[in-house]
Structure formats: C-alpha cells, structure tokens
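In what follows, a single structure is set out as structure tokens and then discussed.
Just so it is clear, the values below take in all heavy atoms, side chains as well, and ignore hydrogens, waters and symmetry mates.
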Amino acid sequence: MKPNANFRRDIIPFWINALSILVILILALKSISAYFYPGLAYANFDASTLANQKAMMELAGRNVVMLLLTIAALRSQNAMFLTYSFLMHLIRELQDMLIVPYYVGFTSVQGIGIFFVFLFVFVIPYLFALKKLRTLAALPD
C-alpha cells in the first residue's frame with residue numbers, strides 16, 4: 001500500500017472528526033489559559049519567576065502550533081494529513097500520560113485515574129484513528 005501523497009479529500013469517519021474537534025477545543029483552552037491565566041489549565045502554576053513564565057510561554061506557543069495544524073488537518077479532510085496530526089497528538093498524550101501521574105504519584109488514586117483517563121480517552125482512540133486513517137490514505141495498487 002502506497003501512501004496518499006496528494007491532498008485529495010477523503011471520506012473521514014465522523015468519530016475521527018469528532019475526536020479532532022475535541023482536541024481542538026482542549027488545545028484552544030490550554031493555549032488561552034497558558035497565555036492569560038495559567039492556573040486555569042495548569043493547576044498550581046507558580047508565575048513568580050521569570051523562568052516559569054518563559055516556560056509557560058513556550059508551552060503556549062507549542063499548543064498554538066498544534067492547534068493550527070489540527071485545524072488545518074481537519075479542514076483538509078485528507079487522511080494522510082490527519083494521520084500526521086494524530087501521530088503528533090498521540091506522542092504528546094503518551095508523554096502527558098506518564099508525566100502527570102509522575103508528579104501526582106503513580107500509587108495514588110488520582111495518579112492512576114489520570115493515567116487511565118489518558119489511556120482510554122486519548123491514546124486508544126488515537127491508535128484506532130491512526131489505523132483507520134492509514135487505510136484511507138493508501139492508494140489502491
């Protein structure tokens with residue numbers, strides 16, 4: 001199966017579009033929060049040091065870039081473009097799935113809960129979406 005290199009519009013399943021919209025909403029909230037009120041999406045953020053403020057601005061910039069790429073991928077309705085977008089989000093979620101519980105504690109109910117929320121709400125759906133999108137992006141032999 002060869003990858004679809006052109007930007008044709010594919011028939012993307014509703015659930016993949018819905019997952020993309022959910023991610024867009026989350027990234028929009030996190031971007032706005034990071035720029036204007038970090039405590040909203042990033043609990044216990046300490047804005048008292050310049051280093052922390054710079055780190056938050058870098059995080060905000062990362063979120064904005066991912067937000068714009070996800071909007072462009074969703075708008076394109078191109079399976080290969082959406083595949084790369086979902087791959088980016090999968091890698092981010094895998095990192096968050098381990099980092100957040102690390103600071104809360106993997107042995108705590110909250111840490112385990114966060115881990116499984118990331119796993120079932122994002123990671124597993126992303127894996128299914130990547131498989132489906134890859135199939136849609138393949139050109140017939």
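When the side chains of ILVMFWY residues are joined at heavy-atom separations under 4.5 Å, either directly or via intervening members, Phe120 and Ile112 end up in a single hydrophobic cluster. Leu40 and Tyr35 are members of different hydrophobic clusters when ILVMFWY side chains are connected at heavy-atom separations under 4.5 Å. By the criterion of side-chain heavy atoms lying less than 4.5 angstrom apart, applied directly or through intervening Ile, Leu, Val, Met, Phe, Trp or Tyr residues, Leu98 is not grouped with Val109; the two fall into different hydrophobic clusters.
Residues Tyr126 and His89 have side chains in contact (heavy-atom distance under 4.5 Å, counting atoms from C-beta outward). Contact check for Leu90 versus Glu93: no side-chain heavy atoms found under the 4.5 Å cut-off. When side chains are defined from C-beta on, Thr70 counts as touching Ser85, because their heavy atoms get closer than 4.5 Å. By the 4.5 Å heavy-atom criterion applied to side chains, Ile114 and Asp96 are not counted as neighbours. Looking at heavy atoms from C-beta onward, Ile11 lies out of side-chain contact with Leu136 at the 4.5 angstrom threshold.
How far OG1 of Thr83 is from CG of Asn78: 8.0 Å, rounded to the nearest 0.5 Å. With rounding to the nearest 0.5 angstrom, the CZ atom of Phe122 is 12.0 Å from the CE atom of Met97. Remark: Arg92 CZ to Leu87 CG distance equals 12.0 Å, nearest 0.5 Å. Taking CG of Asn17 as the start and CG of Leu74 as the end, the distance is 5.0 Å to the nearest 0.5 Å.
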Side-chain donor/acceptor pairs under 3.5 Å, residues 19-34, sequence neighbours excluded:
unit_1: Ser20; atom_1: OG; unit_2: Ile16; atom_2: O; d: 3.1
unit_1: Ser31; atom_1: OG; unit_2: Leu27; atom_2: O; d: 2.7
unit_1: Ser33; atom_1: OG; unit_2: Tyr37; atom_2: O; d: 2.8
unit_1: Ser33; atom_1: OG; unit_2: Ala41; atom_2: N; d: 3.0

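When every heavy atom of Arg75 is checked against every heavy atom of Arg9, the shortest pair comes out as O-NH1, 3.1 Å. Nearest heavy-atom pair, Asp10 versus Ala79, reported as atom, atom and distance to 0.1 Å: OD2-N, 2.7 Å. The heavy-atom pair separating Phe81 from Leu69 by the smallest distance is CZ-O, 4.2 Å.
Taking the ring-ring contact (aromatic ring centres under 6.0 Å, His included) definition, one finds that Phe118 meets it with nothing, sequence neighbours left out.
Annotation for Phe45: atom CZ counts as buried by contact number, over 12 foreign heavy atoms lying within 6.0 Å.
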